[in-house]
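A quick write-up on the structure given underneath.
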Amino acid sequence: MAAVNPTVFLVMVNGQVESGQFPEFNDLYCKYCFVYGQDWIPTSGLEEGISQITSKSQDRQRSLVWNFPIDITFKSTNPYGWPQIVISVYGPDVFGNDVVRGYGAVHVPFIPGRHKRTIPMFVPESTSKLQKLTSWFMGRRPEYTDPKLVAQGEGREVTRVRSQGFVTLLLNVVTKDMKKLGYDTNTLDMQTSSVIDLSEGILK
C-alpha cells in the first residue's frame, strides 16, 4: 500500500530561557508566550510560562540565570505566521511594585538544530516628562496590556521605547514532513547558522 502523503508539517521546539543581562536591576523574573499565525496549532507543550525570581550571579558577568524550560510542538499547513516567542521581564521598583524591565521577541529558528539567540530588550517610555514623573510616583510605569503586541508590527511605530538589557535563549528545533510538502529548510552552512547573536528585527 502506498504511503499517505502528509497534509501538515510539525515544528518541535524545546530549550530554555537561559539568562538575562540587566546591569541596573536585580531579583527579576521572566514570562514567555508564543505568537503564531491562524494556520498554526499547538499540539503539545505549553504556550506560555512564568519563571522563578532570580538574583545576579556572583561572577564577573553578573548574569540573571533562569534556565527556564520551553517545550512545545506546532503543526501547520503553511509557514505563513511562523511562531515567534515573546519574552517579558519584570522586577520590583524602589517602592516594591512589580514593573516591566524589558520586552523582546524573536522568531523560532527556521533551521533545524541547536540555536542560541540573544534578544535586545526594550521598555515603553512616557511621552512627556510630567507623565514620567507621575508614573514614577504612582508606581505605574508604561507597559503593554498584552505582551503579544511586541511581536506585531501594527501600531508599533507610534510607541516610544528605550533599549534596556538582553535575554539569551537556547533552542533546539526539529521539523517533520516539511520537505515532503515542498519546503526546504537546509542551508549551505549549518554550523554558522546554529549559533547566532540576534540583531534580526525584534520590531518586525
Side-chain angles (χ1 to χ4, degrees), residues 1-20 30-51 66-89 102-122 144 146-157 159 166-204:
M1 189 172 75
V4 178
N5 290 328
T7 57
V8 299
F9 61 82
L10 300 179
V11 177
M12 291 155 272
V13 185
N14 67 59
Q16 59 190 13
V17 184
E18 184 186 59
S19 61
C30 68
K31 298 179 181 179
Y32 76 83
C33 62
F34 283 91
V35 177
Y36 46 86
Q38 60 184 8
D39 294 322
W40 291 75
I41 300 171
T43 60
S44 67
L46 297 174
E47 288 186 57
E48 54 188 35
I50 181 169
S51 77
W66 292 295
N67 289 334
F68 187 58
I70 297 169
D71 191 0
I72 192 168
T73 300
F74 294 96
K75 70 176 181 180
S76 181
T77 55
N78 73 76
Y80 181 78
W82 192 273
Q84 297 181 65
I85 182 168
V86 176
I87 305 290
S88 314
V89 177
Y103 293 109
V106 64
H107 281 91
V108 169
F110 303 102
I111 306 162
R114 183 175 174 83
H115 303 264
K116 186 175 185 176
R117 294 287 190 265
T118 300
I119 308 173
M121 306 294 282
F122 66 90
Y144 296 115
D146 183 359
K148 292 183 178 181
L149 292 171
V150 175
Q152 300 167 6
E154 189 175 347
R156 287 288 308 282
E157 69 278 358
T159 306
F166 297 87
V167 168
T168 300
L169 306 181
L170 290 175
L171 299 173
N172 301 298
V173 179
V174 178
T175 60
K176 183 177 186 291
D177 292 333
M178 288 197 73
K179 198 162 189 178
K180 291 180 181 177
L181 290 170
Y183 303 113
D184 187 6
T185 57
N186 292 327
T187 64
L188 295 175
D189 190 351
M190 285 286 284
Q191 280 191 322
T192 56
S193 301
S194 62
V195 179
I196 302 173
D197 218 11
L198 173 77
S199 352
E200 61 180 82
I202 58 169
L203 301 181
K204 288 181 180 178

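FYI, side chains are in, hydrogens and waters are out, and symmetry mates aren't considered; it's all heavy atoms of this structure.
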Exercise for the section: Walk me through it: do His115 and Arg117 pass the test side chain to side chain contact (heavy atoms under 4.5 Å, CB included)? Expected result: CA-CA 7 Å; His115 303 264; Arg117 294 287 190 265; 4.0 Å; yes

Exercise for the section: Report the C-alpha separation of Val173 and Val108 in whole Å, then their side-chain angles, then the decisive distance to 0.1 Å, and conclude whether the side chain to side chain contact (heavy atoms under 4.5 Å, CB included) test is met. Expected result: CA-CA 8 Å; Val173 179; Val108 169; 4.1 Å; yes

Would you call [X] and [Y] a side-chain contact if the rule is heavy atoms closer than 4.5 Å?
X      : Y      : answer
Met12  : Lys176 : yes
Ile70  : Tyr32  : yes
Val13  : Thr73  : no
Leu169 : Glu18  : no
Leu171 : Pro109 : yes
Lys148 : Cys33  : yes
Asp177 : Leu10  : no

Exercise for the section: Step by step, work out the ring-ring contact (aromatic ring centres under 6.0 Å, His included) result for Trp40 and Phe9. Expected result: CA-CA 10 Å; Trp40 291 75; Phe9 61 82; 5.5 Å; yes

[atom1] of [X] to [atom2] of [Y]: how many Å apart, nearest 0.5 Å?
X      : Y      : atom1 : atom2 : value
Lys179 : Leu181 : NZ    : CG    : 13.0 Å
Asn172 : Arg114 : CG    : CZ    : 5.5 Å
Gln38  : Ser76  : CD    : OG    : 10.0 Å

Exercise for the section: Please check if atom CD in Glu47 has more than 12 non-hydrogen atoms from other residues, nucleotides or ligands closer than 6.0 Å. Expected result: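 Yes, CD of Glu47 has more than 12 neighbouring heavy atoms, counting only those of other groups under 6.0 Å.
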
Practice task
Evaluate whether atom OH of Tyr183 has more than 12 neighbouring non-hydrogen atoms of other residues, nucleotides or ligands under 6.0 angstrom away.
Solution key: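 Atom OH in Tyr183 is crowded, with more than 12 foreign heavy atoms closer than 6.0 Å.
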
Over all heavy atoms of both residues, which pair between [X] and [Y] is shortest? Give the atoms and the distance, please.
X      : Y      : answer
Ile87  : Met121 : O-CE, 3.6 Å
Cys30  : Val89  : CB-CG2, 4.1 Å
Pro120 : Phe166 : CA-CD2, 3.7 Å
Ser19  : Trp66  : C-CZ3, 3.6 Å
Ile119 : Ala105 : CG2-N, 3.8 Å
Ile50  : Phe68  : O-CZ, 3.1 Å

Problem - Any donor-acceptor pair under 3.5 Å from Thr175 side chain to Val11 backbone - result: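 Flag not set: sc Thr175 to bb Val11 has no pair under 3.5 Å.
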
Exercise for the section: Please answer whether the main-chain N or O of Ala151 pairs with a side-chain N or O of Gln84 as donor and acceptor at a distance below 3.5 Å. Expected result: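 The answer is yes, because a donor-acceptor pair under 3.5 Å joins these two groups.
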
Problem - Trp82-Tyr36 aromatic ring centre distance below 6.0 Å - result: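 Between Tyr36 and Trp82, which both carry aromatic rings, the centre distance is not below 6.0 Å.
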
Handout entry: Phe34 and Ile72: CA distance, side-chain angles, deciding distance, side chain to side chain contact (heavy atoms under 4.5 Å, CB included) verdict
Key = CA-CA 9 Å; Phe34 283 91; Ile72 192 168; 3.7 Å; yes

Practice task
Mind running side chain to side chain contact (heavy atoms under 4.5 Å, CB included) on Ile85 and Val106 for me, showing each step along the way?
Solution key: CA-CA 6 Å; Ile85 182 168; Val106 64; 3.5 Å; yes

